[in-house]
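Right, one structure below, let's go through it.
In what follows, chains are A, B, ... by sequence order, proteins preceding strands, each numbered from 1.
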Amino acid sequence: MALFGKTLEKLKSGLAKSRKKINESLKTVLTFGRQIDEDLLDELEEKLISDDIGVETTLGIIEDLRAAWKEKDISAAEEIVPYLKRRLIEYWPHRDRQLHFVETPPTVIMIAGVNGCGKTTSVGKLARYLSDQGKQVVLAACDTFRAAAVEQLSIWSERAGVQIVKHRQGSDPGAVAYDACEAAVARQADVLLIDTAGRLHTQQNLMRELTKIRNVVGRKIEGAPHEVILVLDATTGQNAVNQAKMFTEAVDVTGIMLAKLDGTAKGGIVIAIRNQVNLPVKFVGLGEKPEDIEPFDPETFVEALFS
Amino acid sequence: MFDSLTGKLNSVFRGLSGRGRITEKNIREAMRQVRTALLEADVNYQVVRQFCDKVVETALGAKVIESLHPGQVMIKIVNDELTNLMGPVDSQIFYVSPGPTIVLLAGLQGSGKTTTAAKLARLLLKKGKQPMLVADDLQRPAAIEQLETLGAQLNIPVYSEAGKDPVKVARNGIRQAKEIGRDVVILDTAGRLHIDAELMAEIRQVCQAVEPHQIFLVCDSMTGQDAVNSAKEFNDQLELDGVILTKLDGDARGGAALSVKAVTGKPIKFVGVGEKLDQLEEFHPDRMASRILGMGDVVTLVEKAQEQFDEQEAVKLQQKMAKGEFSFDDFLKQMQSMRNMGGIKDMLKLIPGVGSQMAGLDIDEKEIAQMEAIVHSMTKDERRHPDIIDGSRRRRIARGSGTEPQDVSSLVKTFNQSRQMMKAMSGMGMMGRMKAMKQLSNMDLFSGKMPGMKIKQRSKRKRVDRRKKKRSR
């Protein structure tokens, strides 16, 4: 319970700025006693769009609000926030946002994303998070492209106290993945975390390389990768939807890690992604320290946005 | 989301043209489409609002109402206004004498500072400068190693030291640059959140200590609405001199460019267009405007094409086309240069109207390889005079290229058709050619519909109307 309290605090404090901003703006829109009218809906639309929720999704939400208002479900401005909360939480139907572990380890988790979204940091944090849960973790340094990416992950492996399989920079990422699978099996690890090089989803060759890594892993360990996590930068705008689509096409993404949520960006795009690509958010990243990772809790997320 | 703005605007006005009257209300309706397009391109909400108000004003003044093609006039106004807002082109880096000129790069985590530092160093090196890199990112693990690796690739000295004090590293780096006679110093700083008071204070201290001559904000072009918040804060705290926009090789529409320019007023100096170190280019506001509006980037396409064809060859080719002498050899050459241009799909994306249809489409590069194989299996004579290809030659070519005879004949057929079209096109004057091009770009290339279909249907409808009128008389 204490741990959960800390989680809530952390997420709330991470979102404090954005929440404060949203509250201020929402408060001016939703002053107590004000009745709902078209002007108010317009202002609300602006707020939602400013959260990167996207035009289409925002219009959907506004339409729902308008319908509820016309049907006299809600009439006063102060009823809007609780209503929106209910409505947004519906976007995240109860569905397992946890990682799925297989019965015969290792569980293979692959991490992918565009350049600079925070993959390596997220892998480091996940390694720490899982090893804190008593799992034996092995890292695979499959980002052999970017200068010093292998070194960066090595430092994270030391911080998290987990093992790492690496080759030299410039070597074939598929080969690293292959070796890492063998090592994970030989060392009887519980989890194999595969870090991959950042790539823009529009680069077909690099996307094919990603598919290849996945296939290599799949041939080595049955059913692997069991989880494919797409790391998204919370400051990303509408392009995140395309990222989610293309990465899902290439490697069947199973969930999102929303990184850099400790800034002023609200990461509202995950709502649009939930709508259009049907991907759950599994984790959020809230800083640069190894412990700055939390499982995603939609209620806290929405609450932090609107409360 | 993928519909191009031009199409949407045209549909707004097309509905009207039947009734023949366009009012201020219609212009506002059209602006709603522009607004949505801008928001979908991640331009900040407030910026969009100001922008739209301004465009409505200009549009009313410019008498769009009386214009024959209101949709196009509107697009032009919007495009010009966007270009003006993001321009002018200013990729100057000012050098001080005596050196070294100090350039500092700042930005959020993962925006691409380290890569940009190396790209900038390479650009300066090309301009005859003697740059040096200073690894002042002491936060991220292995950031120093990354910069050192990049420096080694470029053969540029990198200053680094173990320690936790970025002010000291910056000072020492500049001192060393002076000692070894480098004339530009590029400081790569740690990524930081604009609301991280501690780290923002730290970068201010670095600036106070070394007084950089230019401070650039490195900004990810995929950034959403939040771009204004971070850019404004960095600008308030550091007094930026310019912005470098990164990761423009993706498919983000890049509305952040407009947002950042609007809130900081600082010019966008360069854009990063790839992971390789030579992929840093000048910023072109006009191209960015088209991109934000989803209209394709024709200029880049033409430039890319120009890089591939040298002019003499192009003239020769044109003459050949005009005479209908375009041969399979030329065809092959064109195929190869198209490939060099960076993949057919990448290129098609730049064509207006096509870009929006590329979403679900994958052009099969294998098919192109197959075409090449077929041409390679032809004799010189056959390449020049495809008409001589008969059944037996066809079977031989198919065997040689590992294809079926019908593949060969379909290629020959396509080739003949395009040769005729080329001949026809080069016979036209400039206007005719433009028309043909327009028809080409209007063509619904990928859904299998024929280009003329729509036009035909419309004319039929009109005829019916006329007949009706006659009857009613």
Checklist entry - Counting heavy atoms not belonging to A/R66, are there more than 12 under 6.0 Å from its CZ? => result yes
Next on the checklist: Looking at A/E38, I want to see if its CD is surrounded by more than 12 non-hydrogen atoms of other residues, nucleotides or ligands under 6.0 Å.
Outcome noted: yes
Supply the atom-to-atom distance [X] [atom1] to [Y] [atom2], rounded to the nearest 0.5 angstrom.
X: A/N115; Y: B/M222; atom1: CG; atom2: CE; answer: 7.0 Å
X: B/I195; Y: A/D262; atom1: CD1; atom2: CG; answer: 7.0 Å
X: B/K232; Y: A/T264; atom1: NZ; atom2: OG1; answer: 12.0 Å
X: A/N239; Y: B/D220; atom1: CG; atom2: CG; answer: 9.0 Å
X: A/K260; Y: B/L193; atom1: NZ; atom2: CG; answer: 8.5 Å
X: A/E151; Y: B/E148; atom1: CD; atom2: CD; answer: 10.0 Å

Next on the checklist: So which atom in A/Q238 and which in B/L39 form the shortest heavy-atom distance, rounded to 0.1 Å?
Outcome noted: CG-O, 4.2 Å
Item to check | Nearest heavy-atom neighbours spanning B/G250 and A/T202 | outcome: CA-OG1, 3.6 Å
Could you tell me which of [options] has the largest number of non-hydrogen atom pairs under 4.5 Å with chain A?
options: B/T114, B/D196, B/T223; answer: B/T223
options: B/T115, B/T149, B/D42; answer: B/D42
options: B/A256, B/A227, B/G224; answer: B/G224

Please flag which part of [X] lies under 4.5 Å from any non-hydrogen atom of chain B: side chain, backbone, both or neither.
X: A/E288; result: side chain
X: A/V150; result: neither
X: A/Q243; result: side chain

Checklist entry - Given that the side chain runs from C-beta out, which part of B/R35 has a heavy atom under 4.5 Å from chain A: side chain, backbone, both or neither? => result side chain
Item to check | Flag side-chain contact, heavy atom, 4.5 Å: A/V114 against B/K247 | outcome: no
Checklist entry - Less than 4.5 Å apart, any side-chain heavy atom of B/Q109 and any of A/D233? => result no
Checklist outcome for this item: With chain B, the option among A/A148, A/A147, A/A234 that has the most non-hydrogen atom pairs under 4.5 Å is A/A147
Checklist outcome for this item: Among residues 43-52 of chain B, those lying within the under-4.5 Å heavy-atom range of chain A are B/Y45, B/Q46, B/R49
